[in-house]
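Owing to the predicted nature of the structure, the values given are computational and were not obtained by experimental measurement.
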Amino acid sequence: QVPLVESGGGSVQAGGSLRLSCTAPGRTFSSYVVGWFRQAPGKAREFVARISRTGGITYYADSVKGRFAISEDNAKMTVYLQMNSLKPEDTAVYYCAATTRGGPYYRGDQYDYWGQGTQITVSS
């Protein structure tokens, strides 16, 4: 199995909402920073959001501020990405990633563990 597992992907009309979940089977996120990235067709992978579960500090890309929210549930050992007011340009494969490193958390090369990705398709 891959270290992380995403779920909740699918298709939705513009203006709709979806919620993604990220879990690490057999582990917790208590010592990790967890981030979400996405890759649209023909584009490079880009940072979306991150959360530090020890401090609960969050950060978002400008393109999703006010629409997306990252959160965690300690009892379920799960990190969520709530996506509201979805736009066609949000269409991409979304990835969950985790790291224990310090540094710039918007960079994908700072993350050691990744999920397989889940497809989000937003129709106009």
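The line from CG of Leu18 to CE of Met83 is 5.0 Å long, rounded to the nearest 0.5 Å. Annotation: the span from Thr118 atom OG1 to Leu81 atom CG amounts to 11.0 Å, rounded to 0.5 Å. A distance of 11.5 Å separates OG1 in Thr99 from CZ in Arg107, rounded to the nearest 0.5 Å. Note that CG of Asp73 is 12.0 Å distant from OG1 of Thr23, once rounded to the nearest 0.5 Å.
Ring geometry for Tyr94 against Phe68 counts as tilted: the plane angle lies between 30° and 60°, on a 0 to 90° scale.
Between Tyr80 and Leu20, the closest side-chain pair of non-hydrogen atoms is not below 4.5 Å. Proximity of Ile51 to Val79: side-chain heavy atoms (C-beta onward) are separated by under 4.5 Å at one or more points.
Residue pairs meeting the side-chain hydrogen bond (donor to acceptor under 3.5 Å, both in side chains) criterion with at least one member in residues 83-92, sequence neighbours excluded, are Ser17-Asn84, Arg38-Asp90, Arg67-Asp90, Gln82-Asn84.
Judged by distance alone, with hydrogens and angles left aside, the side-chain atoms of Tyr60 form a donor-acceptor pair with the main-chain N or O of Ile70 at under 3.5 Å. Between the side chain of Tyr111 and the main chain of Tyr105, a donor-acceptor pair closer than 3.5 Å is present. Side chain of Arg50 to backbone of Ala97: no donor-acceptor contact under 3.5 angstrom is found.
Applying the salt bridge (Lys or Arg N to Asp or Glu O under 4.0 Å) rule to Arg101 yields the partners Asp112; only residues at least two apart in sequence or on another chain are considered.
Figure legend: cation-pi geometry between Arg19 and Trp36 absent, as NZ or CZ is not positioned both under 6.0 Å from the six-membered ring centre and within 45° of its axis.
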Report all side-chain donor-acceptor pairs from residues 4-15 shorter than 3.5 Å, counting only partners two or more places apart or in another chain.
unit_1: Glu6; atom_1: OE1; unit_2: Gln116; atom_2: N; d: 3.2
unit_1: Glu6; atom_1: OE1; unit_2: Gly117; atom_2: N; d: 3.0
unit_1: Glu6; atom_1: OE2; unit_2: Cys96; atom_2: N; d: 2.8
unit_1: Glu6; atom_1: OE2; unit_2: Gly117; atom_2: N; d: 3.3

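Note: Phe37 and Tyr95 fail the aromatic proximity criterion, with ring centroids not under 6.0 Å apart.
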